[in-house]
2 protein chains.
Amino acid sequence: MTETKARRRAGRPRVFDTDAALDKAVRLFWQRGYEATSMADLVAETGVAAASLYAAFGNKAGLFAAVIERYAATFSVHLYAPINDPALSTYEAVKGLLERAASSFSEPGTPAGCFMYSAAAAVSPASAAIECLLRDKRIAAEALLIERLQRGAAQGDLAANTDPAVLGKFINTVMEGMSVQARDGATTSELLSVAKMALDRWPAAI
Amino acid sequence: MTETKARRRAGRPRVFDTDAALDKAVRLFWQRGYEATSMADLVAETGVAAASLYAAFGNKAGLFAAVIERYAATFSVHLYAPINDPALSTYEAVKGLLERAASSFSEPGTPAGCFMYSAAAAVSPASAAIECLLRDKRIAAEALLIERLQRGAAQGDLAANTDPAVLGKFINTVMEGMSVQARDGATTSELLSVAKMALDRWPAAI
DNA sequence: CACGATATAGAACGATCGATAAATAATATC
DNA sequence: GATATTATTTATCGATCGTTCTATATCGTG
C-alpha cells in the first residue's frame with residue numbers, strides 16, 4: 001500500500017508522528033467513547049492542530065477509523081494471539097484468550113475494558129456508521145473464535161456433542177462481560193476467577 | 001414521598017404526564033446513551049417543552065436520574081424478580097434471572113440490551129457523576145445477586161466448595177456480556193443458549 | 001375578583017461542537 | 001532558483017449544545 005522507502009511525496013513533510021498521535025487518540029476514545037471525545041480534546045492530547053488532523057484523517061470519523069486499526073494492531077493482536085497459535089490445544093487457546101482478556105482489561109496503564117466493546121456502546125443516529133464499524137469488528141472477532149473452535153472440533157479436540165457456534169458465543173459473551181466488569185473496577189484476579197469459572201463449563205467428552 | 005391525594009400544590013397544574021415523558025426518555029437514553037441524547041431530542045420525543053422539563057427535573061442530569069429510577073421500577077424489577085422469589089431454589093432463581101435477561105435484552109419493543117449497562121458505558125469527564133450513578137446501580141445489583149447466593153449456600157442449596165461471590169460475579173458478567181451481544185443483534189434463542197451454557201455444571205449441593 | 005404560585009410556550013443566551021478558509025512554511029521536482 | 005505540492009498556523013465558520021429569560025396561562029386561596 002504505502003511505498004516504504006521510495007520517493008517521498010512532494011510538499012512539506014508531516015511534522016507530527018501519525019502513530020504517536022493515534023496512540024494518544026486511542027486512549028481518549030477508549031476512555032470516553034466516540035461522541036464524548038471532542039476534536040478539541042484530541043488537539044489538546046495529541047498536540048496536533050485541528051487542521052493538521054483533518055488534513056491527515058479527513059474528519060473525526062476518519063480519525064476514529066484509523067484509531068480502530070491502530071488499536072487492533074497494537075492491542076487486539078496480542079489479545080487474540082492464543083487463538084492463532086497452532087501449538088496450543090483448543091482449550092489452551094481459549095484459556096489463553098480469557099486470561100489475556102483478564103489482564104489486559106484491567107491493566108493499569110490503559111483505560112479499563114476493551115476499546116472495541118465500549119468506545120461506541122451507545123451513540124446518536126448521526127454516528128450509526130461509527131457504531132457499525134465497531135460492531136463489525138466484534139462480529140468478525142467472534143467468527144474467528146468460532147472458526148478456531150470448529151477446527152478444534154474437526155481435529156477431535158472438542159467434545160463431539162459440542163456446538164462450536166454456541167461455545168464460541170458463550171466465550172465471547174463472557175469476555176464482553178469482563179470488559180464491563182473491568183470498567184466498573186474489577187481487579188485482574190477477580191476477572192481471572194470469572195474466566196476460570198467460564199472454563200469450568202468447558203464441554204467434556206461423553 | 002409525594003402526597004397521594006391530599007391538597008394539591010398551588011399554581012398551574014402540570015399538563016404533561018411525568019411518567020409518560022420518562023418512559024419516552026428512557027427509550028432515548030437507552031438507545032443512544034446519556035451524552036448522545038440531546039435535550040432537543042428529548043423535547044421532540046416527549047413533546048414537552050424544554051422549560052417544562054427543566055422545571056420538573058432541574059437539568060439534564062436530574063432528568064437522567066429520574067429516568068434511571070423509572071427504568072428500575074419498570075424493567076429491573078421484572079428482571080430481578082426471580083432473585084427475590086422465596087419459592088425458587090437458588091438454581092431456579094439464577095436460571096430465571098438469566099432467562100429473563102435473554103428475553104428482555106432482545107425484546108423487539110425496546111432498545112436492545114440493558115439500559116444500566118450501555119446508557120453511560122463511556123462518557124466525558126464532565127459526566128463522570130452520571131457514569132457513577134449507573135455504576136453504583138450495577139454494583140448494587142451484583143451485591144444483591146451475591147447475597148441471594150450466600151443465602152442459598154447458608155441453606156445448603158449450593159455446593160459447599162462454591163464461593164458465592166465468585167459465582168455471583170460470574171453470573172453477572174455473563175449477563176453484562178449478553179447485553180453487548182443483544183446490542184449486536186443476538187436473538188433471544190442465541191442468548192438463551194448462552195445462558196444455558198453458563199448454567200451448566202451448576203455447583204449444586206451434593 | 002384579586003393575588004400568589006406554578007407551568008407553559010417561544011425566543012434567545014453563551015459555550016462548544018465538527019469543520020474550514022486564508023496565509024504562511026517547508027519540501028520535491030524541474 | 002522557480003514552481004508545484006503538501007503541512008502548519010491562526011482565525012473563524014454555522015450548527016448545535018445545555019440552559020435560561022420573558023411573557024402568558026392556569027391553578028388554589030383569600
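Letters A, B, ... mirror the listed sequences (proteins, then strands); counts begin at 1.
Using modelled atom types, one side-chain atom of A:R138 and one backbone atom of A:M116 make a donor-acceptor pair closer than 3.5 Å. Side-chain N or O atoms of A:R183 include one that pairs as donor or acceptor with a backbone N or O of B:A121 at under 3.5 Å.
Interatomic distance, B:L191 CG to B:F105 CZ, rounded to the nearest 0.5 Å: 8.5 Å. For the atom pair A:Q31 CD and B:S124 OG, the distance stands at 10.5 Å (nearest 0.5 Å). In this structure, OG in A:S104 is found 14.0 Å from CZ in A:F115, a value given to the nearest 0.5 Å.
Listed by residue number, there are no residues of residues 17-30 of chain A with a heavy-atom contact under 4.0 Å to DNA chain D. DNA chain D lies under 4.0 Å from no heavy atom of any residue of residues 120-136 of chain B. The stretch residues 31-41 of chain A touches DNA chain C through A:T37, A:S38, A:M39, A:A40, each having a heavy atom under 4.0 angstrom from the strand. Within residues 47-68 of chain B, the residues that place at least one heavy atom under 4.0 Å from DNA chain C are, in residue-number order, B:A49, B:A51, B:S52.
Shown here are the side chain to side chain contact (heavy atoms under 4.5 Å, CB included) partners of B:V166, two or more places apart in sequence or in another chain: A:S193, A:M197, B:D163. With sequence neighbours excluded, the residues that form a side chain to side chain contact (heavy atoms under 4.5 Å, CB included) with B:A141 are B:Y80.
Judged by the 6.0 Å distance and 45° axis criteria, A:K137 is not positioned over the aromatic ring of A:Y117.
Nearest heavy atoms, B:E190 versus B:G185: OE1-O, 4.4 Å. Taking both residues in full, the closest heavy atoms of A:R201 and B:D200 are given as NE-O, 2.9 Å, listed atom of the first, atom of the second, then distance.
Atom CZ in A:R12 sits about 12 Å away from atom C1' in C:dA23, given to the nearest Å. The distance between atom CG of B:L42 and atom C1' of D:dT16, rounded to the nearest whole Å, is 14 Å.
B:Q181 and A:E176 share a side-chain donor-acceptor pair at under 3.5 Å.
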* To do: Apply salt bridge (charged side-chain N to carboxylate O under 4.0 Å, His left out) to the pair A:R151 and A:D157, showing each step before the final yes or no.
  => CA-CA 8 Å; A:R151 268 182 284 145; A:D157 199 18; over 6 Å; no
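Ring-plane geometry between B:F29 and B:Y34 is classed as parallel, the angle between the planes falling under 30 degrees on a 0 to 90 degree scale with a further cut at 60.
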